[in-house]
Peer 1: 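Structure incoming, see below.
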Amino acid sequence: MDILRGLDEVPEGFGRPDGTVVTIGVFDGVHRGHQLLISRAVEEARRHGVPSVVMTFEPHPVSIFAPEHAPAALVSLEERARLISSLGVDYLLVIDFRKELAGDSPRDYVTETLLGRLNARHVVVGENFTFGRDAAGSAETMAQLGREHHFDVTIVGLLDDGGSRICSTAIRSELAAGNIDVARDYMGRPFAVTATVERGAGRGGRELGYPTTNQYVEDVTALPADGVYAGWLTILGDEPIEGDMEPGLRYPAAISVGMNPTFGDNQRSVESFILDREADLYGRVARVEFVGKVRDMQKFDSVGELLENMARDVARTREILNLQP
């Protein structure tokens, strides 16, 4: 998949003479509903023998128009691109709303960008899609403009799961409640956090027998509710690792999210105790996948009580991940 960062990177004569199939959205989380929409566009593009284009936005448009209401990001742009590429998309067009499209009317949005720059012959959007200045255009507006300008429009209905609408807002809500299983079902894969491994708060985890990888994420990044979780940790990149781990492999981990009240931490972090492995991971980028919840965050009265609970956390992590003790 080729990534085009802004309309200026769209080549002259892009998609001509046969056109393109375009789908548009923030696609934060690339959840099952997004996957359905993008896959439909890819199918249409292959049916016509033309390129498929996903137009997305970074940063989130809401962070520009109403920053106090900006939603926490479920995935980074890099992870979003990786997930979209896995669906067979040919081009990802990343639009910065601060510089492009925000002031366009719905009609100009279509005639100048979708037709003039992307040569769209077919546009695929969700039923709750809005576009143009002040979000004045809707999916039905797009369909009407399609009829006027002779391009096809497919409106894809929202995806339900047992009566619950699958959307990024619902996923954030489930994460905030610690409902990792529901969030995983909605996303179609485990929720994951990707960040650099940093020095921790100096609590002596190694001396306690539970050395952890410490990751700190920006406040604008979604995290599960504070607690302990079972999951997997993968070190990204190709550089060798000092220790008994290899990059690109998934390792089981007991994962703590929160400020750790026992030690009075005041910065929220993701701490992963990697089972049965030891390696120097400082400065490496790691992806942590959350599979199941072990327990809520607790404050313990002593280090001994903490260690007893950590041993139980590890045992429960093995159970959730179906690992041999």
Side-chain angles (χ1 to χ4, degrees), residues 1 3 21-44 52-63 69-89 92-95 97 123-131 135 139 154-195 217-218 220-225 229 231-232 234 250 255 257 270 287-293:
M1 182 181 75
I3 299 178
V21 176
V22 181
T23 188
I24 311 163
V26 177
F27 299 122
D28 183 26
V30 196
H31 55 64
R32 286 168 50 203
H34 294 153
Q35 293 166 30
L36 179 66
L37 190 66
I38 295 170
S39 295
R40 180 65 181 274
V42 170
E43 290 170 6
E44 290 294 334
S52 56
V53 181
V54 170
M55 182 192 295
T56 193
F57 304 93
E58 181 68 17
H60 197 296
V62 174
S63 70
H69 298 300
L74 292 173
V75 297
S76 66
L77 176 61
E78 292 74 17
E79 184 71 0
R80 204 186 323 165
R82 183 185 72 84
L83 294 166
I84 290 172
S85 177
S86 72
L87 297 172
V89 171
L92 177 65
L93 173 59
V94 182
I95 297 293
F97 229 57
V123 176
V124 181
V125 295
E127 67 175 83
N128 61 343
F129 173 71
T130 60
F131 68 106
T154 296
I155 300 174
V156 178
L158 298 176
L159 187 62
D160 284 349
D161 191 332
S164 298
R165 192 180 78 173
I166 295 177
C167 64
S168 298
T169 299
I171 293 170
R172 293 186 190 96
S173 177
E174 296 297 344
L175 287 173
N179 297 329
I180 291 295
D181 292 347
V182 179
R184 181 186 61 213
D185 288 344
Y186 287 1
M187 296 185 78
R189 65 183 185 282
F191 173 75
V193 169
T194 300
V217 299
E218 298 178 0
V220 294
T221 301
L223 282 177
Y229 300 86
W232 304 91
T234 305
R250 296 163 75 237
I255 307 157
V257 176
V270 176
R287 179 188 298 118
V288 176
E289 302 172 63
F290 295 81
V291 175
K293 190 170 185 179

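Numbers here are sequence positions counted from 1.
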Peer 1: Of all the heavy-atom pairs spanning Pro71 and Arg172, show the shortest one and how long it is.
Peer 2: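 Shortest heavy-atom separation between Pro71 and Arg172 comes out as CB-CZ, 3.3 Å.
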
Peer 1: Rounded to the nearest 0.5 Å, how far does CE of Met55 lie from CG of Leu92?
Peer 2: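 Here the rounded value is 10.5 Å.
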
Peer 1: Tell me, do Ile155 and Phe129 make a side-chain contact under 4.5 Å, heavy atoms counted?
Peer 2: no

Peer 1: Determine whether a donor-acceptor pair (N or O, by modelled atom type, separation under 3.5 Å) exists between the side chain of Thr154 and the backbone of Val124.
Peer 2: no

Peer 1: Compare every heavy atom of Val125 with every heavy atom of Ala139, then report the nearest pair and how far apart it is.
Peer 2: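 The pair with the smallest heavy-atom distance is CB-CG2, 4.1 Å.
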
Peer 1: Using the side-chain contact (heavy atoms from CB on, under 4.5 Å) rule, pick out the option among Val62, Val94, Ile24 that qualifies with Phe57.
Peer 2: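 Considering Val62, Val94, Ile24, a side-chain contact (heavy atoms from CB on, under 4.5 Å) with Phe57 is found only for Ile24.
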
Peer 1: Can you confirm whether Arg80 sits close enough to His34 that some side-chain heavy atom of one is under 4.5 Å from a side-chain heavy atom of the other?
Peer 2: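 Heavy-atom side-chain distance check fails, nothing below 4.5 Å.
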
Peer 1: Hey, could you give me the CZ/CD1 distance between Phe27 and Ile84, rounded to the nearest 0.5 Å?
Peer 2: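 If we round to the nearest 0.5 Å, Phe27:CZ and Ile84:CD1 are 6.5 Å apart.
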
Peer 1: For a quick test of reading the model, state the closest non-hydrogen atom pair linking Phe290 to Ile180 and the distance between them.
Peer 2: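 Minimum heavy-atom separation between Phe290 and Ile180: O-CG2, 3.4 Å.
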
Peer 1: Heavy-atom distance under 4.5 Å between the side chains of Leu83 and Arg189, does that happen here?
Peer 2: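 Answer yes - side chains close enough.
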
Peer 1: Using 0.5 Å steps for rounding, measure from the NE2 atom of His60 to the NE2 atom of His69.
Peer 2: 13.0 Å

Peer 1: Hey, are the side chains of Asp161 and Arg32 touching, using non-hydrogen atoms and a 4.5 Å cut-off?
Peer 2: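 Yes, close enough: below the 4.5 Å cut-off.
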
Peer 1: Using a 6.0 Å cut-off, check whether atom CZ of Arg40 has over 12 heavy atoms from anything other than its own residue.
Peer 2: no

Peer 1: Could you measure the distance from the CD1 atom of Ile3 to the CD atom of Glu78? Nearest 0.5 Å is fine.
Peer 2: 8.5 Å

Peer 1: Check whether more than 12 heavy atoms from other residues, nucleotides or ligands sit under 6.0 Å from atom CZ of Arg82, and answer yes or no.
Peer 2: yes

Peer 1: Measuring from Asp160:CG to Ile166:CD1, what's the distance to the nearest 0.5 Å?
Peer 2: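 The CD1 atom of Ile166 is 7.5 Å from CG of Asp160, to the nearest 0.5 Å.
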
Peer 1: Would you confirm whether Glu289, through its side chain, and Trp232, through its main-chain N or O, come within 3.5 Å as a donor-acceptor pair?
Peer 2: no

Peer 1: Taking the side chain as everything from C-beta on, heavy atoms only, tell me whether Asp181 gets closer than 4.5 Å to Arg184.
Peer 2: yes

Peer 1: What pair of heavy atoms forms the shortest contact from Ala183 to Ile171, and how long is it?
Peer 2: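 Shortest heavy-atom contact: CB-CG2, 4.3 Å.
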
Peer 1: Carefully, step by step, assess Leu74 and Leu175 under the rule side-chain contact (heavy atoms from CB on, under 4.5 Å).
Peer 2: CA-CA 10 Å; Leu74 292 173; Leu175 287 173; 3.7 Å; yes

Peer 1: At their closest point, which heavy atom of Asp28 faces which heavy atom of Ala73, and how far apart are they?
Peer 2: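 Taking every non-hydrogen atom into account, OD2-CA, 3.6 Å.
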
Peer 1: Could you tell me whether Tyr186 and His31 have their ring centroids closer than 6.0 angstrom?
Peer 2: no

Peer 1: Let me confirm one number: the CE-OG distance from Met1 to Ser86, rounded to the nearest 0.5 Å.
Peer 2: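 The CE atom of Met1 sits 9.0 Å away from the OG atom of Ser86.
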
Peer 1: Closer than 3.5 angstrom, by distance alone: can the side chain of Gln35 be matched with the main-chain N or O of Met187 as a donor-acceptor pair?
Peer 2: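 A pair under 3.5 Å: yes.
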
Peer 1: Which atoms form the tightest heavy-atom contact between Arg287 and Ala192, and what is the distance?
Peer 2: CG-CB, 3.9 Å

